[in-house]
Amino acid sequence: MIIQPAKKLHGKLSLPGDKSISHRAAMFAALATGETQIENFASSADCAATLNCLENLGVEITRAGSSVKIKGVGKIGFEPPTVALDCENSGTTVRLLSGILAGQNFTSELNGDESLKKRPMRRVIEPLEKMGAKIESASFFLPMIINGKHPLKPVEYVLPVASAQVKSCILLAGLFATGKTTISFKQSAVRNLKPEIGMMRDHTERMLNWFGVKLKETLVADEDGFFIHQTSIEGTTAKLVANGSLNIPSDISSAAFFLVAAACLSDSQLTLENVGLNPTRTAILDVLENCGVKIEKSDEREVCNEPVGNLTVYGSIKPAPTTVKAVILQGGQIPGLIDELPVLAVLGTQLEGGLTIRDASELRVKESDRIAATVENLQRMGAIVEEFPDGLRVEKSTLRGAQIETYGDHRIAMAFAVAGLFAVGNTKIMDADCVKVSFPEFFDSLKKVCE
Ligand code: S3P
């Protein structure tokens, strides 16, 4: 895909449904009794992989564009699969599904593409084995054979890594345990930050609630000044019940590419409709606003337990605001920005003081090593950038068009398509088709609003 420089982004867009929420909608609707109609289901290939896996577990699914109807089978109504479940490129599919499969009385195999086979599964295997499932794997990598057990043992588990996928996996396994399962984590690794800032996304908790499962959340300050966040879920007695139709908000992580692009092209004015504004996902808006970007929210409302609204962003980075000296993203901020970090590094090239990312070594085990891929491609475009084990530092730089190596990673492709809009000369995105993993319509949508 060739990206030409643009003057501005202008107009209105409705982006596809949120990927994280769509995975959960499909899985939880399947776990429920009754039928759920899901609207604005993500067009992402990852979410299609989740639907395919559920079909291979005997769930009846009817798809019509972005509408998906799911006939719930209840918590233990799945059929033993006759094939390995192919999670393709999707970490959320494999990690959440493994929590559900651990509590079934049958054996199932989970597999994925070359990228997913390189991603760490020990983080789910260890807690699930503590709960009584037996899991065979190739040294904690896919393929993974889950010998499920019903019921499981409840656990009190301290999350070793700030991962919403792991947290969700254990909560889902908790639904099959003989008592209460509790997960705790240090909410923020940076002291004195607002509690919300260190939060991992909480779509699982909100949607379990929507399906009638009560969770208990507590927040206690420990003597070191950290917040210990605990979430408890009841076990086998918890039941999910269909609750009418589920509307999925548009994905703020997809919106992020347009927000950054519009912010960096003066005279832009772009409205994104029906965007998910869950506070565990909106840190990108705070970062942009702190850089002097004007973003207006309108029509804010709550839909199916998730906050939603329209966003209008104005091109405002150029001329770069002199008040912003340097942006540092670190510590408790990172989980809330995890999927936006590549495009924020691109934003950093347009900021007077540049931008630093630290405490983000999790980026190295995403769909690609996103620290290495971001650094390499920034360098290809002529930016001055330094790589750290847990992040990077980029200086204000004039970008020139280059050939971008995406490593098959959708967010790298989209982040550098954005960079191409304010580079000198054309940018060539290799393997650009990988955007289908989260946002198949990305290049078409970009074309629509670029002037
Ligand atoms: C996701 C959580 C994040 C995120 C991923 C989706 C989820 O991963 O990067 O795109 O749906 O829970 P981790 O929780 O592993 O950081």
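Atoms within a ligand are numbered from 1 in the order they appear, just like the ligands themselves.
- With 3.5 Å as the limit, one finds no donor-acceptor pair spanning the side chains of E35 and Q37.
- Heavy-atom minimum distance, I334 versus A360: CG2-CB, 3.9 Å.
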Are F185 and Y157 close enough, and set up right, to give a ring pair (Phe, Tyr, Trp, His ring centres under 6.0 Å), and what steps lead you there?
CA-CA 9 Å; F185 57 92; Y157 198 72; over 10 Å; no
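- For ligand 1, the polar-atom distance check finds no N/O of R123 at less than 3.5 Å from any of the ligand's N/O atoms.
- Proximity to S20 (heavy-atom distance under 4.0 Å) selects the following atoms of ligand 1: 1 (C), 6 (C), 7 (C), 11 (O).
- Of all heavy-atom pairs between N305 and R206, the closest is O-NH1, 2.7 Å.
- Set against the non-hydrogen atoms of I338, the atoms of ligand 1 under 4.0 Å away are 9 (O).
- The nearest protein atom to atom 15 (O) of ligand 1, hydrogens excluded, is given as S163 OG, 2.9 Å; this is a heavy-atom distance.
- If you check the side chains of S44 and S438, you find no donor sitting under 3.5 Å from an acceptor.
- Any N or O atom pair closer than 3.5 Å counts here, and D339 shares at least one such pair with ligand 1.
- Protein heavy atom closest to atom 12 (O) of ligand 1, with residue, atom name and distance, is R24 NH2, 2.7 Å.
- How far CD1 of I146 is from OG1 of T107: 9.5 Å, rounded to the nearest 0.5 Å.
- In this structure, D339 pairs ionically with R201, as a charged nitrogen and a carboxylate oxygen lie closer than 4.0 Å.
- The shortest N/O to N/O separation between A164 and ligand 1 falls below 3.5 Å.
- Within ligand 1, the atoms closer than 4.0 Å to a non-hydrogen atom of T92 are 1 (C), 6 (C), 7 (C), 11 (O), numbered from 1 in the order shown.
- Side chains of E441 and S43: a donor-acceptor N/O pair is present below 3.5 angstrom, by distance only.
- Between R201 and ligand 1 there is a heavy-atom distance shorter than 4.0 Å.
- Ligand 1 is never approached by H23 to a heavy-atom distance shorter than 4.0 Å.
- Nearest protein heavy-atom contact of atom 3 (C) of ligand 1 is K366 NZ, 3.8 Å.
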